[in-house]
Protein chains: 2
Amino acid sequence: MLLRTNTSSIRPVDGHLAALAGERVFCSEFRYRRGTEVFGEGEETEYVYQIISGAVRTYKLLSDGRRQISSFHLPGDMFGLDNGASHRFTAEAIVETRVRITKRRSLLETMRSRESGASIFLGLVTRNLQHAENHMLLLGRKTALERVAAFLLEIDERLGHPKVLVLPMSRRDIADYLGLTLETVSRTCSTLRDRKMLKFEGATQRQIVLLDRNGLAEYDA
Amino acid sequence: MLLRTNTSSIRPVDGHLAALAGERVFCSEFRYRRGTEVFGEGEETEYVYQIISGAVRTYKLLSDGRRQISSFHLPGDMFGLDNGASHRFTAEAIVETRVRITKRRSLLETMRSRESGASIFLGLVTRNLQHAENHMLLLGRKTALERVAAFLLEIDERLGHPKVLVLPMSRRDIADYLGLTLETVSRTCSTLRDRKMLKFEGATQRQIVLLDRNGLAEYDA
DNA sequence: GAGCGAATTTGATCTGCAGCAATTTGAGTC
DNA sequence: GACTCAAATTGCTGCAGATCAAATTCGCTC
């Protein structure tokens, strides 16, 4: 069987991003190796990124190493724009990742000069905020089962409901995103497998087929 | 002893808001009684609010009643702007609350027409996002003690370090903000009292004096 | 200031998930 | 295809915080 380690297909870029990306606002391309830092907490915000292929995690750390991943960025996603003057978290490539980058400054100027600039920007930021609000509800009030179900449905949705979900991130990454431990994530996935809500595809546990999206949605209160 | 139930002093309005508020962008005033809904989830976003006195909570509910409060709004705070076309959560007055309101539309237009409009807006939204990111870290990875300490320091900071913190919200509200139960919040406050980090002032447990802000900050990893 | 319902505290017990440990599985290398 | 190290699973035990249950206190009204 053919195994590909980094095969998140490029999903259709949404309207707002296409409006920007289509006009070559993004000037140069860049690659990051697996585990490489794209930018660090506290660094000056100089660039804005759009993922071509691969995946990026953004996270915060506590002094003793506890980590909270605030979001995963997948192909088509833009990130780094809504930060203020300096980055408030760290961004790392999860797998080999290709990105388009552009100067934050020039992007903001382009937006300002265009009639639709403000609303494009508003839309981008609103989406980030919306995601954060939903995630607070998940972290504050949902059970492990509900969290994992919500995660699978979120990734499924963002990858455009593929036959096989190819997860670029480890169980530990998922755990740090969901506010759980990696063991609990693993156990919960096994439970969902036993309940026939999903199955593992091929020789790896990172490829998942959702067998019952409606059932999963019911867990996701 | 004089007891006042709703005495959050009006803290100095920050630069951005003053820039807007000072120019009478806010046209009319409104009052909400304790427990009253300001707007509901799903409603169309028509107005933007700035609190004159009192306090507002914004929250999301799960189908079985579990609640996550995403933020408290105190005097000087603006809210309702960063929502998209429709509100993504419910806003309720915690106590008798006075607000200035203005049409969202006209505020956005004012911003667009001014040179500094975009950056004012950017600043407002960035702050919301920043708060949400910090709160995700709290909800996903902090202990009960760390959460309560962080909460007290946050409110203290936002009220401008008053001698006595007058909390407008109940233990249940605090619990639903911190992702805990009200009993755990109560117990944790008692622990902090026993450790001489705070004391209750007067005849109520809603008035708190922080005795050791540095000590609290150490809990807040 | 008496009376009443709501808010808060405090105690006792329970439980979902964490923490630790031992296998098992899988990806990458020679 | 054997070897190696990391990732993931699974089992067992422990604990932080939830849940249940009384008191106690507070705030409000008459």
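Quick note on labels: first sequence line is chain A, next is B, and so on, each numbered from 1.
For Arg187(B) against dT19(D), a side-chain-to-base donor-acceptor contact under 3.5 Å is present. Not a single donor-acceptor pair, N or O on each side, falls under 3.5 Å between the base of dC17(C) and the side chain of Glu183(A).
Within the structure, a side-chain polar atom (N or O) of Arg206(B) is placed less than 4.0 Å from OP1 or OP2 of dT8(C).
Thr58(A) and Ser71(A) share a side-chain donor-acceptor pair at under 3.5 Å. The closest side-chain donor-acceptor pair between His87(B) and Glu44(B), if any, does not fall under 3.5 angstrom.
In this structure, the nucleotide among dA27(C), dC26(D), dC17(C) sitting nearest to the side chain of Thr204(A) is dA27(C). Listed candidates were dG17(D), dT9(C), dC26(D). Nearest to the side chain of Ala203(B) is dC26(D). Side-chain proximity of Ala144(B) to the nucleotides dT10(C), dG17(D), dT10(D) is greatest for dG17(D). In this structure, of dT9(D), dA18(D), dT25(D), it is dA18(D) that holds the atom nearest to the side chain of Thr181(B).
Salt bridge Arg66(A)/Asp176(A): absent, no basic N to carboxylate O contact under 4.0 Å. A salt bridge is absent between Arg195(A) and Asp212(A): the closest approach of a Lys/Arg side-chain nitrogen to an acidic carboxylate oxygen does not fall below 4.0 angstrom.
The distance from atom CD1 of Ile208(B) to atom P of dT8(C) is 10 Å, rounded to the nearest whole Å. If you take CD of Gln205(B) and P of dA7(C), they are 13 Å apart, rounded to a whole angstrom. Separating the CZ atom of Arg141(A) from the P atom of dG17(D) is a distance of 13 Å, rounded to the nearest angstrom.
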